[in-house]
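Some notes on the structure that comes next.
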Amino acid sequence: MTEKHWWTNYPWRMIQTNLREIDMAEIDAETYAQQLADYDATVVTLNAAGIIASYQTKLEFQTQSPYLTGSSLREILDACHKRGIRVIARTDFSKLREDVFARHPDWAYRDKDGNIVNYNGNIQTCPNGGYQQEKSLEILHEVLTTHPFDGVFCNMSGFLVVDYGGVYHGPCHCENCKRLFREQYGLEIPQKDDPRDPNYKKYAAFKAGCIKAYRERLVQTIRKISPELAINGLDYIRTESATEIGVPQWQYSASCNARKTAGPLRTRPADNASVDFMGFRYRDTSVSGPQLALRQWQNLANAGSVSLYIMGHLGNHKDKTALIASKPAFEFHKKHEEIYAGLTSAAKVLLVNKPILARSDPENYGWVRALTESHIPFDEVKLAELTPELLLRWNVIILGDMKKLTPAQVSMFDSYVEQGGTLLATGVLPELKCLGIQEVRNCWKDRMSSVFELEESEESVFPRSAAAHFIAPGAVLAEAAFREETETFLHLIPEHPFGPPERCYYTEVSDIPGVGVTQYGKGKGVCLPWLAGSFYFNEGFDNTLHLIQDVLHQICGLPELAPGLHPSVELVLCKKTDRFLVQLINGSGVFANSYFEPIPMQNVTLRFPGLAGKQAHTLNGGTVTVQDDGTALELTLNRLEAYEAIVIS
């Protein structure tokens with residue numbers, strides 16, 4: 001039995017008000033709380049402790065705000081609780097004020113030369129220093145025993161190596177870190193974060209161990225105070241969909257974050273904060289309204305929650321762009337919150353997320369695009385979180401360029417296929433028996449003109465690609481020799497001249513395949529020994545998309561739910577007992593790196609095999625007609641604006 005707490009199936013509509021210290025000077029508790037209630041918020045996160053204490057603290061190592069002349073923190077909490085709004089304490093132990101540092105210099109982060117990081121009078125601390133290890137827990141105990149908070153969010157925890165200006169400072173070389181790393185590994189800390197360093201994996205394991213040990217003590221401290229304090233990362237999961245100047249935008253940021261944090265079972269709240277501001281340097285200036293609205297609809301569809309993050313509070317946040325753009329999703333969720341409580345994913349496809357150090361994963365991002373644009377509902381789960389029992393939820397599992405699997409993971413995936421599942425992998429994983437790879441003969445990373453030829457005899461298997469005849473794989477490509485029973489498709493035309501035009505032709509077609517399909521037990525393994533996702537994400541050609549769609553629909557057997565619908569519309573399928581919820585998010589307003597109002601779609605037709613005999617109705621203004629041929633339910637939605645939800649019951 002799952003233990004029930006206040007956050008269990010709670011209608012999660014979060015506003016994070018990042019209060020500046022000056023905001024406490026004239027804040028009025030009743031006004032602050034009423035503005036949240038008028039916005040339909042059910043949860044608020046506000047600044048409480050750490051860098052600045054927003055209350056009268058008795059601890060000499062915590063800097064108290066000099067602006068505590070408005071309503072007190074306790075009065076703000078009481079006013080929110082009176083209106084049924086839960087309050088999360090935002091804490092930050094990553095920095096110290098200069099006067100505290102002067103008394104405790106051993107608490108600071110140090111670069112390889114022993115220098116501190118001082119940003120606007122805030123000194124970066126180290127997770128292994130006495131402040132984070134001991135004093136942070138004392139601060140938590142004080143603020144949580146003197147104020148009736150409902151939860152805790154610890155901001156910017158971990159080993160920070162970059163400051164607010166984006167300057168990289170490298171791993172911490174404070175005396176505590178150096179001593180502990182020597183004791184555990186007999187090594188010196190690397191000069192920089194470089195995965196190619198043979199000792200870096202040990203340093204990464206060292207950091208993970210330090211954070212895990214501290215996290216366990218933090219959770220123990222909070223749980224002793226009250227089991228009804230929701231802890232971020234444990235009882236609810238907070239992520240951010242944000243922008244930063246100079247960093248490429250990802251239009252499916254909120255969908256991906258929400259999917260991964262909510263999980264297919266949605267057992268705990270997923271709080272994916274749609275960040276109002278353009279980036280750290282422009283905290284008062286909002287991103288485009290349609291971008292914020294799109295994120296909220298993505299949050300709602302994929303996690304059943306909405307979340308907005310602003311600087312200041314609703315009463316003094318001058319740029320109203322985010323407030324206007326996010327309000328419709330908040331209002332819609334409030335009106336239909338009972339429908340969203342207890343929903344689980346009905347997707348039959350799983351995209352496995354591999355552990356990476358980079359900001360993005362082009363291979364998985366390409367598959368996110370291809371699945372979304374093909375209107376195939378799917379889940380995303382981290383590799384480490386998968387179990388043999390959980391895998392049985394899905395009919396198709398996608399491993400995008402998975403570099404390495406443990407023996408237990410190999411056994412888990414092979415067993416899944418053997419029991420009847422379909423596993424689709426890009427790149428090469430010869431350890432998986434279900435993929436039928438006998439030998440990997442070559443791994444190229446520099447191909448320039450190599451392409452796969454699609455023969456006439458293969459056109460029925462690849463109907464969307466038949467007109468193209470040639471499939472471009474990109475620079476990364478492997479030569480995989482498959483077992484005799486594996487059925488192979490496409491043949492590689494090796495490197496050949498691409499200039500001058502007079503010499504642009506090939507003279508050889510090899511027997512190196514581009515797709516291998518292996519029957520394994522009751523299921524099948526499908527291998528693309530090249531990076532289809534990365535090439536599609538980076539280049540965006542329908543040549544790649546059509547090949548991916550042929551593999552998904554023709555080889556993996558996934559049904560087409562909306563073949564006539566524009567690729568910019570995202571389709572999410574959820575269920576609750578005998579009810580299904582189809583959600584459509586109109587992303588047609590995304591153009592290059594700009595976001596505009598979505599273009600209305602007319603007469604959207606959807607077809608759901610296996611749902612014959614069901615009825616349907618809409619929740620957001622459209623009208624739907626139902627046709628039933630005895631094998632599938634066919635729906636026609638008259639008009640799709642920004643978002644629509646269709647209940648099938």
Side-chain angles (χ1 to χ4, degrees), residues 248 358 360-370 373-374 400-401 424-428 430 435-482 486-517 526-555 566-568 590-593:
S360 64
D361 180 355
E363 184 64 20
N364 264 32
Y365 275 18
W367 282 97
V368 168
R369 277 197 56 188
E373 293 163 10
S374 304
D401 191 27
L424 167 60
T426 60
V428 285
L435 294 181
I437 299 175
Q438 194 169 31
E439 179 187 4
V440 179
R441 293 173 179 164
N442 286 295
C443 288
W444 299 291
K445 296 183 179 180
D446 57 354
R447 301 295 86 180
M448 297 186 71
S449 61
S450 298
V451 295
F452 288 111
E453 183 179 40
L454 191 156
E455 298 179 355
E456 288 185 13
S457 61
E458 299 172 329
E459 290 180 0
S460 61
V461 182
F462 302 94
R464 298 163 187 80
S465 305
H469 195 69
F470 299 105
I471 306 300
V476 180
L477 173 66
E479 178 184 359
F482 291 94
T486 298
E487 188 177 11
T488 60
F489 302 94
L490 311 183
H491 292 88
L492 184 70
I493 297 172
E495 295 292 275
H496 53 279
F498 53 88
E502 292 84 353
R503 300 293 308 280
C504 292
Y505 57 88
Y506 62 91
T507 58
E508 176 191 358
V509 179
S510 75
D511 59 358
I512 299 173
V515 179
V517 181
V526 183
C527 177
L528 277 63
W530 49 286
L531 305 186
S534 297
F535 194 59
Y536 184 53
F537 176 72
N538 290 324
E539 308 302 334
F541 298 118
D542 65 3
N543 179 282
T544 314
L545 177 61
H546 290 163
L547 188 282
I548 289 175
Q549 290 172 332
D550 283 333
V551 170
L552 292 170
H553 294 302
Q554 307 300 120
I555 294 177
H566 194 272
S568 64
V590 182
F591 183 77
N593 61 349

Using modelled atom types only, decide if a donor and an acceptor are shared between the side chain of Trp530 and the backbone of Gly514 within a distance under 3.5 Å. yes
Ser449 side chain to His496 main-chain N or O, any donor-acceptor pair under 3.5 Å? yes
Side chains of Cys527 and Phe482 in contact at under 4.5 Å (non-hydrogen atoms): yes
Before giving the answer on side-chain contact (heavy atoms from CB on, under 4.5 Å), spell out for Ile548 and Phe535 the whole-Å C-alpha distance, their side-chain angles and the decisive distance to 0.1 Å. CA-CA 11 Å; Ile548 289 175; Phe535 194 59; over 6 Å; no
Any heavy-atom pair between the side chains of Phe462 and His546 that's under 4.5 Å? no
Could you go through Ile555 and Val461, starting from their C-alpha distance and side-chain angles, then the distance that decides it, and tell me whether this counts as side-chain contact (heavy atoms from CB on, under 4.5 Å)? CA-CA 7 Å; Ile555 294 177; Val461 182; 4.0 Å; yes
Do Pro248 and Asn593 come within less than 4.5 Å of each other through their side chains, counting heavy atoms only? no
Is Leu424 close to Trp367 at the side-chain level, that is, under 4.5 Å between some pair of heavy atoms? yes
Keeping Asp550 on the side-chain end and Arg464 on the backbone end, is there a donor-acceptor pair under 3.5 Å? yes
Which atom names give the shortest non-hydrogen contact between Ser374 and Leu545, and what distance separates them? OG-CD1, 4.3 Å
Heavy-atom side-chain proximity of Ser534 to Val476 below 4.5 angstrom: no
Can you tell me how far apart OG1 (Thr488) and CD1 (Ile512) are? Round to the nearest 0.5 Å. 11.5 Å
Just wondering, do Leu477 and Phe452 contact through their side chains at under 4.5 Å, heavy atoms? yes
Where do Ala532 and Thr544 come nearest, in terms of heavy atoms and distance? O-CG2, 3.5 Å
Given side chains that start at C-beta, do those of Glu453 and Phe470 come closer than 4.5 Å, heavy atoms only? yes
Do His469 side-chain atoms and Leu454 backbone N/O form a donor-acceptor pair below 3.5 Å? yes
Under the 3.5 angstrom rule, does the side chain of Thr426 hit a backbone N or O of Leu531 as a donor-acceptor pair? no
Asn364 side chain to Gly533 main-chain N or O, any donor-acceptor pair under 3.5 Å? no
In this structure, CG of Asp401 is separated from CG of Leu528 (nearest 0.5 Å) by 12.0 Å
Side chains of Ser450 and Leu492, heavy atoms from C-beta outward: is any pair under 4.5 Å? yes
Smallest separation among heavy atoms of Ala472 and Val451, with atom names: CA-CG1, 4.2 Å
For residues Asp446 and Glu495, report the shortest heavy-atom separation together with the two atoms involved. O-OE1, 4.5 Å
So which heavy atom on Gln554 is nearest to which on Ser460, and how close? NE2-O, 3.9 Å
How long is the span from the CZ atom in Phe537 to the CG atom in Asp361, to the nearest 0.5 Å? 9.5 Å
Locate the shortest heavy-atom distance separating Arg369 from Gly540; write the atom from each residue and the value. NH1-CA, 4.2 Å
